Amino acid sequence: ISANVRWGKRQAMREGRVTINYKRWYAYEKGPDGQPELDYERAQIVWDMGLRLLAGASLRQLKAWLEERQIPNIDGGYEWTISAIRSILSDVKNCGDILMQKTFTRDCISRKVVKNTGQLPMYLIKDHHEPIFDRDTFNAIQAELARRNARRSPSKKNASTGKGCYASKY
């Protein structure tokens, strides 16, 4: 049964049918027709986060900015995490695309979810829904996140100061 279900889900992906978990998607909600609809208030928050990041704000500064203004997170609370901010800014859905099969379950007994690094094909559907960022802005945000990640020391012990290499205020 598990193999049949898995085959059916992969067949749906090949055909371009999308299953979306709206519960964990920050700036969109399920519309009456079942398609994603932009929540303009939250979309403006995501847009502002992206522009602030491009202007030089660090993820910690974005966290402080969001918490200072009492902007609710995905769960409705007012405490943000850096990983949640990074996840929102790096989500390909924000430029109107859907990337499917980023992860997969290795086997149904252990239920271990594995990141797909080429074991299975991934399916990209372009221009699926209304975007928050245009492609150029989204690509600039991804380039900035990648630049900061590359400059960060892999271990604090390897950095001469004992701190990571990247600090936005210097």
Side-chain angles (χ1 to χ4, degrees), residues 1-31 33-39 42-43 45-47 49-50 53-54 58-60 62-63 66 73-77 79-156 158 164-166:
I1 292 173
S2 175
N4 289 344
V5 170
R6 210 172 27 242
W7 179 86
K9 286 183 178 182
R10 290 186 182 146
Q11 186 64 27
M13 286 182 214
R14 276 191 282 278
E15 294 171 0
R17 287 182 281 158
V18 180
T19 304
I20 299 173
N21 182 6
Y22 289 96
K23 192 175 184 180
R24 305 302 304 168
W25 199 5
Y26 187 68
Y28 291 87
E29 52 194 29
K30 189 174 186 175
D33 60 349
Q35 295 299 314
E37 282 189 358
L38 205 54
D39 177 350
R42 285 185 166 190
I45 294 165
V46 174
W47 176 258
M49 287 180 357
L53 182 91
L54 291 175
S58 69
L59 295 175
R60 287 190 193 282
L62 288 175
K63 177 184 184 309
L66 291 164
N73 61 23
I74 191 76
D75 298 322
E79 190 167 323
W80 285 81
T81 62
I82 291 173
S83 62
I85 295 168
R86 184 183 295 113
S87 175
I88 288 171
L89 290 174
S90 62
D91 193 352
V92 73
K93 292 178 193 138
N94 290 331
C95 71
D97 299 341
I98 300 276
L99 181 62
M100 296 183 287
Q101 202 157 276
K102 292 182 275 190
T103 61
F104 65 96
T105 305
R106 182 168 289 160
D107 66 83
C108 62
I109 296 171
S110 69
R111 296 184 181 164
K112 176 126 172 104
V113 176
V114 180
K115 185 176 180 182
N116 186 0
T117 56
Q119 301 93 326
L120 296 171
M122 290 190 213
Y123 302 98
L124 177 67
I125 300 175
K126 289 188 173 271
D127 301 321
H128 178 265
H129 53 273
E130 184 179 359
I132 296 173
F133 299 117
D134 58 275
R135 291 201 194 283
D136 293 335
T137 306
F138 181 76
N139 290 335
I141 290 169
Q142 300 320 299
E144 179 62 18
L145 288 172
R147 183 188 71 81
R148 292 179 185 190
N149 193 37
R151 293 186 62 194
R152 192 175 66 211
S153 148
S155 166
K156 288 190 177 186
N158 294 342
C165 301
Y166 180 78

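What you are looking at is a predicted structure, and each value in this text was computed from that prediction instead of being measured.
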task = Return yes when atom NZ of Lys30 has more than 12 non-hydrogen atoms of other residues, nucleotides or ligands closer than 6.0 Å, and no otherwise.
result = no
query = Please walk me through it: do Asn149 and Arg86 pass side chain to side chain contact (heavy atoms under 4.5 Å, CB included)?
reply = CA-CA 11 Å; Asn149 193 37; Arg86 184 183 295 113; over 6 Å; no
message = Using a 3.5 Å distance criterion without hydrogens, assess whether the side chain of Glu37 forms a donor-acceptor pair with backbone atoms of Gln35.
response = no
inquiry  = Can you list everything that forms a salt bridge (Lys or Arg N to Asp or Glu O under 4.0 Å) with Lys63? Sequence neighbours excluded, please.
reply    = Glu67
With Glu130 via side chain to side chain donor-acceptor pair (under 3.5 Å) - residues at least two apart = Tyr40
Please output the side-chain donor-acceptor pairs of residues 120-127 that fall under 3.5 Å, not counting sequence neighbours, one pair per line with the distance.
from	atom 1	to	atom 2	distance (Å)
Asp127	OD1	Arg135	NH2	2.9

inquiry  = Does anything in residues 80-110 form a ring-ring contact (aromatic ring centres under 6.0 Å, His included)? List the pairs, not counting sequence neighbours.
reply    = Tyr26-Trp80
Shortest non-hydrogen separation from Ile141 to Gly50 and the atoms involved = CD1-CA, 3.6 Å
task = Search all heavy atoms of Gly96 against all heavy atoms of Pro131 and return the closest pair with its distance.
result = N-CB, 3.6 Å
ask   = salt bridge (Lys or Arg N to Asp or Glu O under 4.0 Å): which pairs involve residues 8-22, sequence neighbours left out?
value = Glu15-Arg17
note = Contacts of Phe138 meeting ring pair (Phe, Tyr, Trp, His ring centres under 6.0 Å) (sequence neighbours excluded), chain-then-number -> none
query = Which is it for Ile85 and Leu53 under the side chain to side chain contact (heavy atoms under 4.5 Å, CB included) test, yes or no, and what are the steps along the way?
reply = CA-CA 11 Å; Ile85 295 168; Leu53 182 91; over 6 Å; no
ask   = Got a donor-acceptor contact below 3.5 angstrom from the Glu144 side chain to the Asn139 backbone?
value = no
message = I'd like to know if the side chain of Asp91 and the backbone of Asn94 have a donor-acceptor N/O pair within less than 3.5 Å.
response = no
request  = I would like to know whether Asn73 and Thr81 meet side chain to side chain contact (heavy atoms under 4.5 Å, CB included); could you show each step before the answer?
outcome  = CA-CA 9 Å; Asn73 61 23; Thr81 62; over 6 Å; no
